Amino acid sequence: MQTNMHKAKQLDKHDTLGHYREEFYTSSEKIYLDGNSLGLLSTRAETALLHLLNSWKEHGIDGWTEGEYPWFYLSETLGAMTAPLIGALDKEVMITGSTTANLHQLTASFFQPYGKRTKILADTLNFPSDIYALKSQLQLKGLNPDDHLVQVKSTDGNTLQTSAIIEAMTEDIAFIILPSVLYRSGQILDMETITEEAHLRGIKVGFDLCHSIGAIPHQLSAWDVDFAFWCTYKHLNGGPGSVGGLYVNRKHFGTAPGLAGWFSSDKAKQFDMEHNLTPATHAGAFQIGTPHVLSAAPLIGSLEMITEAGIEAIRKKSLQLTAYFMNLIDKELAGYGFTIANPRSDSLRGGHIYLEHKEAARICKALKANGVIPDFRNPNGIRLAPVALYNTFSEVWQTVQILKNIMEEKTYTNYENKRGVIA
Ligand SMILES: *Cc1c(COP(=O)(O)O)cnc(C)c1O
């Protein structure tokens, strides 16, 4: 059945977030569907970066305490701006470190093996960096990762069952790390139920929010999650290598940072330069050293925009975009060997579409050659992320037409079915 462009144009016309696209550096020649790997630059983020660069120009060392955004408090300021996106209190959130570094910090601080409880529970589908960090943290505690890291298996290779996660919460588990949204299939895990079940068994639980923050709302405080961490360069549009974030539930305030540094300090005491640390009495205690001011700066602009647009409205449009995408794929690409491997229901579907195809690597190359930017995930996955703040329904429609043409004409066979260095 033929679909047409008219419907897409109508959807764009009624899109209340549509005007935000003008604030982003998009290209008329490209359809950018990789915002789940690196969000695009907005003029607000650019202005914020230039603003902080200027504060260095103007104030030199005094920029730490002067100017509109004193650098000394920037992690706290940005933390407070982020808090509503995850349902947390201002003081529970810091913009600091990176995803992996924050996972190290939080594991060093909250993984306290005792008695029979000496193991960490994770899963087999998480991003490798998280698993590397957990294994090395076990080793630092003298525990063998081969038997102290338990990884929940997937029955279909793409998703995890809540029941399997709960079953794995045995009495030897001290600590759980799971992603909020799986980076391939985009499945949203039931963070509330998992947290509740973990706590019934005396287990602490933390989530990696890399693929959910900025795309879906969270209620970390209400769910009583112990801690969380994330990057800011995906759906938060902070720019390449932008500073990450962490959340620590207020009930854990007062826990000493496992990896301490002078920025873990109570700010009033920091410049006393004492050799005994007095940690901040909030999530600030989990900072380590001097903040990466210029890599955090764009977030001032991008968080302001996300707050203004509203995370509920962003989620609503994101669901509409991905539903429309799946609908077109079902209609237009049937018979070409694609499988929609992301969960279809709204409650389980994150911010991107995940297609599987045995020729995925070279189909991605053909898409790029035709101006569509997807990303490939070894061995057979194509991720397509239509982002609420800058993608349009028309772009989704065009992408499906381009993909259909690539399959019809078999132009993907012009490329090798092998991934690039970054894919
Ligand atoms: C993107 C991503 C990372 C990246 O970690 P960095 O420390 O920011 O390089 C880690 N974990 C997950 C689940 C991710 O999606």
Side-chain angles (χ1 to χ4, degrees), residues 33-40 75 78 82 85-86 93-108 120-137 149 151-152 154 158-160 165 176-189 191 194 205-216 218 220 225 227-247 259 286-289 291-292 295-296 298-299 302 342 349-354 374-378 381-385 387 421-423:
L33 296 178
D34 209 4
N36 60 335
S37 277
L38 178 67
L40 290 180
S75 299
L78 290 170
T82 308
L85 299 182
I86 56 174
V93 188
M94 287 295 133
I95 294 300
T96 183
S98 68
T99 316
T100 314
N102 290 339
L103 172 56
H104 272 292
Q105 169 67 297
L106 295 163
T107 308
I120 296 178
L121 178 63
D123 69 285
T124 46
L125 300 180
N126 203 348
F127 195 82
S129 200
D130 297 41
I131 302 300
Y132 302 159
L134 293 175
K135 286 186 178 177
S136 67
Q137 285 289 329
L149 180 67
Q151 291 180 268
V152 179
S154 162
N158 283 321
T159 57
L160 297 170
I165 295 169
I176 301 175
I177 293 289
L178 291 166
S180 51
V181 167
L182 299 184
Y183 78 102
R184 283 168 190 269
S185 70
Q187 179 197 3
I188 305 176
L189 297 189
M191 289 174 264
I194 291 167
V205 57
F207 292 97
D208 179 331
L209 309 184
C210 278
H211 280 277
S212 61
I213 194 157
I216 67 174
H218 309 67
L220 297 191
V225 169
F227 58 87
F229 53 97
W230 56 89
C231 64
T232 59
Y233 46 79
K234 292 171 181 167
H235 291 280
L236 292 183
N237 309 321
S242 57
V243 177
L246 59 80
Y247 155 86
L259 308 173
F286 301 92
Q287 298 176 80
I288 301 176
H292 300 178
S295 294
L299 287 167
S302 64
N342 54 271
R349 189 168 86 250
H352 64 265
I353 296 292
Y354 187 59
D375 78 16
F376 170 66
R377 281 296 171 262
N378 215 20
I382 304 172
R383 292 193 309 187
L384 300 160
V387 172
V421 177
I422 294 185

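In this chain, numbering begins with 1 at the start of the sequence shown. As the structure lists them, so they are numbered: ligands from 1, and atoms in each ligand from 1. None of the values given here were measured: they were computed from a predicted structure.
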Does the ring center of Phe127 lie less than 6.0 Å from the ring center of Tyr183?
yes
Examine the side chains of Ser212 and His218 and answer whether a donor and an acceptor come within less than 3.5 Å of each other.
yes
Given side chain to side chain contact (heavy atoms under 4.5 Å, CB included), test Leu384 with His352 step by step and report yes or no.
CA-CA 6 Å; Leu384 300 160; His352 64 265; over 6 Å; no
Per atom 11 (N) of ligand 1, closest listed option by heavy atom (Leu103, Leu38, Asp130, Leu209)
Asp130
Given that the side chain starts at C-beta and the backbone is N, CA, C, O, which of these parts of Asp208 lies under 4.0 Å from ligand 1, counting heavy atoms, or is it both or neither?
side chain
So the atoms of ligand 1 within less than 4.0 Å of a heavy atom of His211 turn out to be 15 (O)
Does Asn102 come within less than 4.0 angstrom of ligand 1, counting non-hydrogen atoms of the residue?
no
Starting from atom 7 (O) of ligand 1, what is the nearest protein heavy atom, named by residue and atom, and what distance separates them?
Thr100 OG1, 2.5 Å
Could you tell me whether the side chains of Thr124 and Gln151 share a donor-acceptor contact shorter than 3.5 Å?
no
Looking at every non-hydrogen atom in both residues, tell me the closest pair between Asn342 and Arg349 and how far apart they are.
ND2-CD, 3.7 Å
Counting only N and O atoms by type, is there a donor-acceptor contact under 3.5 Å from the side chain of Asp208 to the main-chain atoms of Leu178?
no
Among all the protein's non-hydrogen atoms, which is closest to atom 2 (C) of ligand 1, and how far away is it?
Lys234 NZ, 2.5 Å
Taking only heavy atoms of Asn126, which atoms of ligand 1 are found under 4.0 Å from at least one of them?
13 (C)
Taking non-hydrogen atoms only, is Pro179 closer than 4.0 angstrom to ligand 1 via side chain, backbone, both or neither?
neither
Hey, does the side chain of Ser75 reach the backbone of Ile95 with a donor-acceptor pair shorter than 3.5 angstrom?
yes
Heavy atoms only: which of Phe127, Phe229, Tyr233 is nearest to atom 6 (P) of ligand 1?
Tyr233
